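Comments concern the structure below.
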Amino acid sequence: MGERMAENLLLAAEVATALSENRAVVALESSIVAQGLPSPDNLIVGQAMHDAVRAEGAVPAMTAVLDGRLRIGLTADEMARLAAAPDVRKCGGRDLGPALALGLPGATTVSATVQLAAATGIAVFGTGGIGGVHRIVQPLGVIEGDAATARIDISADLLALSRAPVAVVSSGAKSLLDLPTTLESLEALGVPVLGYGCDVFPAFYTAESDLSVSYRFDDLGALARALQSHWSLPNAGGALVCNPPPRDLAMTAEAVEALVRDANGAAVAAGISGAALTPFVLAHMRQASQDQTLRLNGALAIANAALAGQLAVSLSP
Ligand code: PSU
Ligand code: MN
């Protein structure tokens, strides 16, 4: 870490102590709280993720930009303040510098969180799902008018994962993305996709997909050893650890696809595109599923935080 970054950084005392004693720490993103989930579920799930990490014997460290500092480890009050800030930015890695300089509150996505975790020596991060390559929703037959704004949308999460030696525990990526292209991108970027108890790449709302993880592990110790071997190689970056969504709430691939198709159709009809697309699609799916997608989102994020806690403990000396 550079001197300049150290000046801008505020590590929570508990996190700093745990890191100095080589004890297990799990990074958590704050965008899931500020942008990913609606109130009041956002704070309930954020707190439950903290509790789940602690229950496994690890220390949670939610990252954010708050009061002009990069923050690693937030109290419940700080998390609530961030979520309620009217001008809170969704920060990818590239947004951290400007948000810091401008004194804007920033909620960190996966890309910003892995960057901050790597800089402070945190090797494990638990979240719901990562961003990826979006499907192109608008018809591109004739590129003119509104359709001319339909361009490929690739999350910064993918490149960030390739750079930072951090294991991101997630339920894959949302089925509303182009998942085959997302997996191809992870391959091109050299990011191993490791299944924990699954051969199939989980698609967030469903454990079913016609895509495979690169390697399956059923044993936490073996998964930890694979990560340690990966990180023993020169210039190794991150890894994606896939945890299928909880069985009692997971949906069939067919049901999810129908929800996504309906939501995308409604978005085209309403002229929604760009940054507004994902929130629109998610809200549509939530309503059409009578909140089942919301309950599932919370439950899988908490389950991933718990697995991240176990993995961090297993990796700590
Ligand atoms: N997936 C979820 N919930 C989320 C996100 C992803 O199930 O809240 C957030 C994460 O913070 C992820 C970000 O890093 O969205 C990706 O956004 P974008 O596609 O703009 O990079
Ligand atoms: Mn994007």
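First listed ligand is number 1; within each ligand, the first listed atom is number 1. Everything numeric here is computed off the predicted structure, so don't read it as measured data.
Between atom OG of residue Ser316 and atom CD of residue Glu21 there is a gap of 11.5 Å, rounded to the nearest 0.5 Å. From Leu176, atom CG reaches atom CZ of Phe204 across 9.0 Å, with rounding to the nearest 0.5 Å. Within the model, atoms CE of Met251 and OG1 of Thr293 stand 5.5 Å from one another, a figure rounded to the nearest 0.5 Å. The CG atom of Leu296 lies 9.0 Å from the OG atom of Ser289; values are rounded to the nearest 0.5 Å. The structure places CG of Asn235 at 12.5 Å from CZ of Arg163, a figure rounded to the nearest 0.5 Å.
Considering backbone and side-chain N/O of Ser155, one or more are found under 3.5 Å from N/O of ligand 1. For the pair Gly129 and ligand 1, the shortest N or O to N or O distance falls below 3.5 Å. For Gly131, no nitrogen or oxygen atom sits less than 3.5 Å from a nitrogen or oxygen atom of ligand 1, counting backbone and side chain alike.
For atom 16 (C) of ligand 1, the closest non-hydrogen atom on the protein side is Asp157 OD2, 3.7 Å. Among all non-hydrogen protein atoms, the one lying nearest atom 8 (O) of ligand 1 is Gly36 CA, 3.5 Å.
Using modelled atom types, one finds a donor on one side chain and an acceptor on the other under 3.5 Å when comparing Ser171 with Asn304. A donor and an acceptor atom, one from each side chain of Ser31 and Thr108, are nowhere located under 3.5 Å apart.
Looking only at side-chain heavy atoms (C-beta outward), Leu37 and Asn297 come within less than 4.5 Å of each other. Annotation: side chain of Pro38 is in contact with side chain of Leu294 (closest heavy-atom distance under 4.5 Å).
For atom 2 (C) of ligand 1, the nearest non-hydrogen atom from the set His134, Lys174, Lys90, Glu29 belongs to Lys174.
At a heavy-atom cutoff of 4.0 Å, ligand 1 is contacted by both the backbone and the side chain of Thr109.
Remark: of the listed residues Thr113, Val241, Leu240, Val191, Leu240 is the sole one forming a side-chain contact (heavy atoms from CB on, under 4.5 Å) with Val168.
Residue contact check for ligand 1: Ser31 places a non-hydrogen atom closer than 4.0 Å to it. Using a 4.0 Å cutoff on heavy atoms, Gln35 does not count as a contact of ligand 1.
Protein contacts to the Mn ion (ligand 2) involving N, O or S atoms at a distance below 2.8 Å are Asp153 OD1.
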